[in-house]
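The structure appears right after this line, and notes come after that.
Lettering follows sequence order; numbering is per chain, from 1. Since we're looking at a predicted model, the values are computed, not measured.
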Amino acid sequence: MSESKTLFDCSDGSREEAITSEIVFDHNLDRSFSYIVPEELGEIKPGQRVKAPFGKGNKKLNGFCISSEKTSNTKGLKRLSKIIDSSPLLTPELLELANWLSLYYVCPLGQVLSAMLPAGVKKGQGFVQKRFIKLNCSNIHEARKIYEKLREGSKQKSLVRILIIEHAFVASGGIESSELVKQAETTSQTLKNLINTGAAVSEKRAVLKSVQEQTVVEEPDITLNSSQEKSIEQINQKIDESAFGVFVLHGVTGSGKTEVYIRALANAVEQGKKGIILLPEIALTSQTILRFQKRFKRLAVLHSGLTEAQRASQWHKIKLGRADVIIGARSAVFAPCSNLGVVIVDEEHESSYKQDTAPRYNARDTAVKRAQIENAACILGSATPSFESYFNCKRKEHFKLLNLPERVEKRPMPQMQEVDMSGRRSFMSEFMIGEKLKEALESSLGSGEQAILLLNRRGYSNFIYCPECGHTIHCRNCDASLKFHLSEVLNQNSTEGLYNTSGLALCHYCGSRTLVPKRCPICTRQLTMRGSGSQKLQMELADKFPKAKIARIDTDSMKGKDYRELIEAFSKHEYDILAGTQMLAKGLHFPNVTLVGIVNADTSTSSSDFRSAEKTFQLISQVAGRTGRGSKPGKVIIQTAKPDSPAVKFAKLHDYDGFYKNQIPMREMLGLPPFRKQALVQVRNEKKTRAEEDAEEAAEILSSIIKTNGIDIRLKGPFEPAIGRIGREFRMNILLNAASPFVMMSFLTKARFSEIRRVRSKLFFDIDPLF
DNA sequence: ATACTGGATTTG
DNA sequence: AAATCCAGTATC
Ligand SMILES: [Zn+2]
Ligand SMILES: [Zn+2]
């Protein structure tokens, strides 16, 4: 209606002064759009969401206001339909962060802003309507009159008594109705009757949906050792000065990093500031959360176990300033608090901090940037810092390395032993437990102790294959073989007898599920499931240790509850051996575990991954940190095909710095991170030839920009990635390698608005990719 | 992204 | 001639 008016009625719109606003939307268009802000909508501020008519059909889209101005140049502009939020959802600092993310990660600003808000917040969840009751009078004298009129001992009288005690008069907020009814030990009907007499009134208000909170006993502070003291002193100095600084806190498991985090957070809170602590999703267990709950009363938790509404409620709690400390996974780096004192990233080397959909941000680097914007301290903690972070301490002004060399209570590091599996032909395919590991298990179990076996997922997968001709079932949409998953199989009647009834074939890449044929489509023999790696490991253990009780943890197939129950049972020694595919969450104490076996330490599957040695070192070191906890000395057995590799040798010696110094010359020589920055440009098209042609074209455009501007960037490709086709689309990669982050960012800012937009295939940018 | 164009190609 | 496909184009 109003749109058609603006179409013809140009004289009216183009002459007069009006407020216009730049709006960005959550779509792939890498630009903003101008709209007229109709006067009746009131003032508009950056960070508010709006509804705006968009495109030919004037479809109403949600967008974000990023700026506004007064102008008479309103020709051809449409009018905003609505301002959704009464106040901006994002602080100015978060808007600045969004801008940086958009530039650095080559992502439309609207997509960044959308990713910063939880889905529930965008849907307006997080609040519930509650009724509040107050006495229909303005002071205690009138209240007394009401009270005295009521019959002694009546339930209505006890309701009024509570209302008087709480001073719930007309001008007050009142008492929440169910809470009042509970306190007065009466029913909602009695309350209704009281309201009907006119003595009390009820008022509806939206309040934060409560997330069930445990009442916890506060714990006293632990005494710090000297290196902890030295670390916290430097961190607190930055917090006290409201100055930006990044601290890489290097300390093995058990060296007391968490206590340093808690002190830094507590100091920020004491100064009236806020703190954020990020943990990898798998480390966000109830035990970890509890540790922070014990110390911080006003804690907000953002983890994947929450429903959308619960998450929205936590978000609003933060927004309203009712949380001092925020604990959460990757996206908690966008927690909407103001006056931030410290941001902590625990296990900063973890690759799960990188988001694999747009915006492809790394929460660790985002945390550093946020701290810089907010003049806050940033702590990056790890037993095995990423080379990037360690390197930054040596090269960058604002980075400082803090070491926690000793383990608290002087627990000894475990004894490490590597076992060479390189000559063993059928290792992993036929057997997973070598003689040395078997002996060690026997001796541990013999003395009534427990053991953990870690199976590195990369080494093994549960393909569906034909034992006769070797044929494997491939995904119809991807260049990938399908994995067998136990599940309910529906629609049996029509395909009776032809398909496996106990499970489905799942594609790890596109998520498609298909029925599994019983017989090989090539030679008609029976197909076999290889079973998951951990299933196979469990069977081998059961075979070799018939008397032992064995628990298996499969993170893929396990619900949170089962997982917790199993962990609980294991800690009570209801099991002897725990076999799993994933590193167990930190903070778990198994004092009776004296042996940890790494079934296959070698992480890399593709040789192109220059980080594979770093990953192996991290894996072994993380495991080592988990043993030798209690009084008994720990032992770690490392089965590996590369026993002489630096990763294994230095991990055995618990020598991080030695490993770094061993590896870093190679990185420098090859021009790899942390010396240079990488970015991946991916071209996708359903037609292979088009993907290839367009990738060539894109590479040429990029090359010419590099050449004409004399930029220090090396371009590799286009080349086909390991998985050439995913979800029906063929992919071609172009790898960029820049002298510095600044060089990369300024080049990509040029490139994203260049001729490359002419390329018809879809383009994807992945900055600082992890392979 | 998404909707819509106009022209080319297929189809009955 | 109608239906379908496809590449190109604009989106305030
Ligand atoms: Zn076969
Ligand atoms: Zn697939």
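In this structure, the ring of A:F54 has its center less than 6.0 angstrom from the ring center of A:F25.
Checked against A:D768 for a side chain to side chain donor-acceptor pair (under 3.5 Å), the options A:Y105, A:Y104, A:Y361 give a single hit: A:Y104.
Between the side chain of A:R370 and the backbone N or O of A:V333 there is at least one donor-acceptor pair closer than 3.5 Å. Looking at A:K122, its side chain does come within 3.5 Å of a backbone N or O of A:S114 through a donor-acceptor pair.
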Please test A:K123 against A:E308 for salt bridge (Lys or Arg N to Asp or Glu O under 4.0 Å), starting from the C-alpha separation and ending with a verdict.
-> CA-CA 9 Å; A:K123 289 185 196 162; A:E308 278 191 359; 2.7 Å; yes

Would A:E17 and A:S72 satisfy side chain to side chain donor-acceptor pair (under 3.5 Å), going step by step from the backbone distance to the final call?
-> CA-CA 4 Å; A:E17 290 239 310; A:S72 52; 4.6 Å; no

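One interatomic measurement links the two molecules: NZ of A:K59 to P of C:dC12, which rounds to 13 Å at whole-angstrom precision. Taking atom NE2 of residue A:H27 and atom P of nucleotide C:dT11, one finds them 12 Å apart after rounding to whole Å. A:E69 places its CD atom 13 Å from the C1' atom of C:dC12, with the value rounded to the nearest Å. Look at CZ on A:R31: it is 8 Å from P on C:dT11, rounded to the nearest Å. Following rounding to the nearest Å, A:Y35 (OH) and C:dC12 (P) show an atom-to-atom distance of 5 Å. Nucleotide C:dA10 holds its P atom 12 Å from the CZ atom of A:F33, rounded to whole Å. Distance CD (A:E22) to P (C:dT11): 14 Å, rounded to an integer number of Å. The interatomic distance linking A:F25 (CZ) with C:dA10 (P) rounds to 19 Å, in whole Å.
Taking a cutoff of 4.0 Å between a charged side-chain nitrogen and a carboxylate oxygen, A:K762 and A:D694 do not qualify as a salt bridge.
DNA chain B is contacted by both A:G57 and A:Q111; A:Q111 maps to the nucleotide lying nearer its 5′ end (nearest heavy atom per residue).
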Write down the protein N/O and nucleotide N/O pairs, taken from nucleotides 7-9 of chain C, whose separation is under 3.5 Å; answer none if there are no such pairs.
none

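Nucleic acid contact class of A:G55 (heavy atoms, under 4.0 Å, all strands): sugar-phosphate only. The residue A:F54 sits close to a base: some heavy atom pair falls under 4.0 Å.
Taking 4.0 angstrom as the limit, A:K56 places none of its side-chain polar atoms (N or O) nearer than this to OP1 or OP2 of B:dC4.
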